[in-house]
Amino acid sequence: MNYPTIKKSEHKITPNLPDYEEAYSNFDWEEMKKEIHYFEDGTLNAAYNALDKHKGTETENKTALIFIDTNNKEQTFNYGDLIKQTNQFANTLKSLEIKKGDRVFMFLPRIPELYISFLGTLKLGAIAGNLFAAFGKEALEDRLKDSKAKVLITTSELLERVNEVKDQLPHLKKIIVTDAAGSTPFKGTGGSIEPLSYHNLMSKASEEFECAHLDEDSPSYMLYTSGTTGKPKGVIHAHGDIVQQHLTSKWILDIKPEDIYWCTADPGWVTGVVYGIIGPWSNGTTQIVHGGRFDPDTWYSIIEKHKVSIWYTAPTAIRMLMTKPEILEKYDMSSIRYMASVGEPLNPEAIVWGKKHLNLPIHDNYWQTETGSIVIANYPSMDIKPGSMGKPFPGIEAAIIDPKGIELEPEQEGDIALKSIWPSRMKMIWGNEEKFKSYFREAKGPQGIQHWYLTGDKGKKDTDGYFWFIGRDDDVIKTAGERVGPFEVESALVAHPAIAEAGVIGKPDEMRGAIIKAFIKLNPGFEGSDTLKEEIQQFTKKQLAGHAYPREIEFREKLPKTRSGKIMRRVLKQEELGEDVGDISTMEEY
Ligand code: WTA
């Protein structure tokens, strides 16, 4: 089906970026740095830009954060409050002898302390790392061990999971618990680290702090993300990312100080950091944070009550909302003036739904943990072709290339690649130079030597320069927008006593984009059954994460393997999709 283009004149707003084409052709990153506060010595600090630069302006007394907890109780913080509390947190870290470059990890649900500790860490110049509260034991241990995190901030509930792994973490020196009153003893304490009370520490800390003066390349935060092979890798970002974090928030999400902005993403993944903490506050807007889970009634009532004007969410959430039109009818959504979506392909039907039911187009945009900010987008000042991710951000050159790095003609399918440098590009992969290098391809083309950054995604560009996503070029699974590596799931599975071997794939799913499906060969003496499936699912959730368990399990006598013993996920996937498995002569079993 062909979906008609949505003309830009149909947008309700005067955008921050009035003319995309013009901006693209005249763009200069150096010029754009004027939007950012640099200290007199030429250094900067991303947290200073998110918060402290508003000190002494009218923004200081304006609401920065409206926090709605799991019971729909609300708490508000103005910019001044956040400036003081992040200062207290930075001072707390200092008092614990944490220094620039040390890793400080947050294992927290979406609560104000997460936002405060994150930015307080940046102020000091330490590296902040966020961990999904849904992470299980193994996921937690892998990340804390690899990063050699020195401090962990968590809640008393999550502390139980931390206690299971803390003895495996020789570098972890301090655990701070957000909801401990005074010096209450903690459950499961003992061992080398006595947990500290967040409130105790904060109450003793000064509200004054001078942000560390840092180079653009100084690390700011790190996030673990999945590839095809091996355990998740630590992607390192830097303070200089702020220019692109700020500008994409302004030009793509169209954030203005008078907006009520809601990004539904969790800071355990990159959208929740860049567009749920740093970018919006750098633009002086009011942000909503909802600590609870997805629920159509709750979500719509938040929008209605707080008159949310910009809503940034994920395709799976939109698809879920689309299945319940009767709920939408109960609410007044007229406050929303701009909608955007990220993380997985946004199907054209969702855009049509937005137009019909909210009288708004949904602006799809594309990026990755590694790119650090949106790199391809639909802009308010540009026509939308439903199903397309849009065009590259000014200052970014995107192309579709072949395996040799030669640019392909319009409409030809190939690798989505970016010219290899832009301000928010990852600075390194923690402790893995080889992996970092593997993202880049040097090519000799008609215009001489080109350096490409490879996204790992396949796509095409049309004759008008719009990019279209086709799929991953590797085995990475995107389920409900979350990025999951099959290897991580397979390792969690084989830790189960019944399982001899496991191969994991993403199986296409209308609602979630993909679901995780595991093919399992059992150890001798075990029988496949529904009860065992259920037990395996629970086991994986506990080890890994609530979202990273296989929703489907199939027991097999044998799994397809190469002669060197590697399970061939490609074959499992093709069989699942009923496709021709091609040449399988290199396979040993089968
Ligand atoms: C996918 C998320 C289609 C893609 C910000 C990419 C998308 C991976 C889109 C990165 C989109 C992201 N359309 N696919 N608009 N946006 N992706 O690191 O495969 O969690 O490589 O960052 O998500 O996922 P990550």
Side-chain angles (χ1 to χ4, degrees), residues 130 132 221-228 232-237 241 244-245 248-249 252-253 263-279 312-319 339-348 350-351 361-379 384-393 398 400 415-418 424-426 429 435 439 453-461 466-486 488 506 508 512-514 545 547-548:
N130 292 341
F132 264 125
Y221 75 96
M222 70 189 292
L223 277 177
Y224 278 81
T225 195
S226 304
T228 293
K233 313 284 185 303
V235 173
I236 299 281
H237 281 288
D241 289 21
Q244 201 172 342
Q245 293 166 335
T248 49
S249 301
I252 299 172
L253 302 177
C263 166
T264 58
D266 187 289
W269 72 304
V270 76
T271 306
V273 170
V274 177
Y275 301 109
I277 306 181
I278 305 173
Y312 190 27
T313 190
T316 295
I318 296 170
R319 287 191 289 266
M339 259 190 95
S341 137
V342 68
E344 39 168 342
L346 181 68
N347 40 321
I351 298 185
I362 304 173
H363 297 78
D364 184 21
N365 48 64
Y366 167 89
W367 60 300
Q368 307 179 297
T369 307
E370 295 89 335
T371 67
S373 300
I374 299 169
V375 288
I376 298 179
N378 286 286
Y379 307 84
I384 291 177
K385 294 192 187 191
S388 162
M389 315 192 288
K391 294 190 181 184
F393 190 70
I400 304 296
D415 299 327
I416 305 177
L418 307 170
S424 70
R425 196 197 73 193
M426 64 172 167
I429 297 284
K435 173 71 192 169
Y439 281 89
Y453 162 86
L454 291 166
T455 60
D457 288 316
K458 293 267 181 205
K460 62 177 188 183
K461 184 165 105 169
Y466 281 74
F467 281 76
W468 300 75
F469 181 85
I470 292 173
R472 286 291 305 180
D473 189 27
D474 56 19
D475 295 339
V476 167
I477 303 165
K478 267 273 165 169
T479 175
E482 323 269 13
R483 184 164 158 183
V484 177
E488 211 186 2
R512 294 183 166 79
H547 60 267

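Read the numbers this way: they start at 1 and go in the same order the structure lists the ligands and their atoms. The basis for the numbers below is simple: all heavy atoms, side chains too, and nothing from hydrogens, waters or symmetry mates.
- Nearest non-hydrogen protein atom to atom 6 (C) of ligand 1 is D457 OD2, 3.2 Å.
- Close approach to G343 involves these atoms of ligand 1, each under 4.0 Å from a residue heavy atom: 1 (C), 7 (C), 9 (C), 12 (C), 16 (N), 17 (N), 23 (O).
- In this structure, Y439 and Y453 have parallel ring planes: the angle between them is below the 30° cut-off, well short of the 60° mark.
- At the shortest separation from atom 10 (C) of ligand 1 among protein heavy atoms lies W367 O, 3.6 Å.
- Salt bridge E370/R483: present, at least one basic N to carboxylate O contact under 4.0 Å.
- Using a 4.0 Å cut-off between heavy atoms, Q368 contacts ligand 1 through both its backbone and its side chain.
- Side-chain atoms of D457 and Y366 form a donor-acceptor pair, as typed in the model, at a separation below 3.5 Å.
- In summary, the side chains of T264 and T313 do present a donor paired with an acceptor at a separation below 3.5 Å, with no hydrogens or angles considered.
- Ranking the protein heavy atoms by distance from atom 11 (C) of ligand 1 puts E344 O, 3.6 Å first.
- The heavy atom nearest to atom 22 (O) of ligand 1, considering only T369, D474, T271, N378, is found in T369.
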Query raised in the report: Please walk me through it: do Q368 and T455 pass side-chain hydrogen bond (donor to acceptor under 3.5 Å, both in side chains)?
Result: CA-CA 8 Å; Q368 307 179 297; T455 60; 4.7 Å; no
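- Using modelled atom types, one side-chain atom of N130 and one backbone atom of P267 make a donor-acceptor pair closer than 3.5 Å.
- Any N or O atom pair closer than 3.5 Å counts here, and T455 shares no such pair with ligand 1.
- At the shortest separation from atom 2 (C) of ligand 1 among protein heavy atoms lies W269 CZ3, 3.5 Å.
- Under the side-chain hydrogen bond (donor to acceptor under 3.5 Å, both in side chains) criterion, N347 pairs with R319, E349, sequence neighbours left out.
- Taking the side chain as every heavy atom from C-beta outward, T369 and W269 never approach each other to under 4.5 Å.
- Ligand 1 has no N or O atom lying under 3.5 Å from any N or O atom of E370, backbone or side chain.
- Contact atoms of ligand 1 toward N365: 11 (C), 15 (N), 16 (N) (distance under 4.0 Å to a heavy atom of the residue).
- Contact annotation for Y366 and ligand 1: heavy atoms of both the backbone and the side chain come within less than 4.0 Å of the ligand.
- Atom 3 (C) of ligand 1 has P345 N, 3.2 Å as its closest protein atom, hydrogens excluded (heavy atom only).
- No N or O atom of G481 sits closer than 3.5 Å to an N or O atom of ligand 1.
- Using cut-offs of 30° and 60° on the angle between ring planes, the pair Y275 and W367 is perpendicular.
- When only non-hydrogen protein atoms are considered, atom 20 (O) of ligand 1 lies nearest to K478 NZ, 3.1 Å.
- Side chains of Y312 and N365: a donor on one and an acceptor on the other come within 3.5 Å.
- Remark: ligand 1 and D364 share an N or O pair separated by less than 3.5 Å (distance only, no angle test).
- At a 4.0 Å cut-off, not a single heavy atom of G456 sits close enough to ligand 1 to count as contact.
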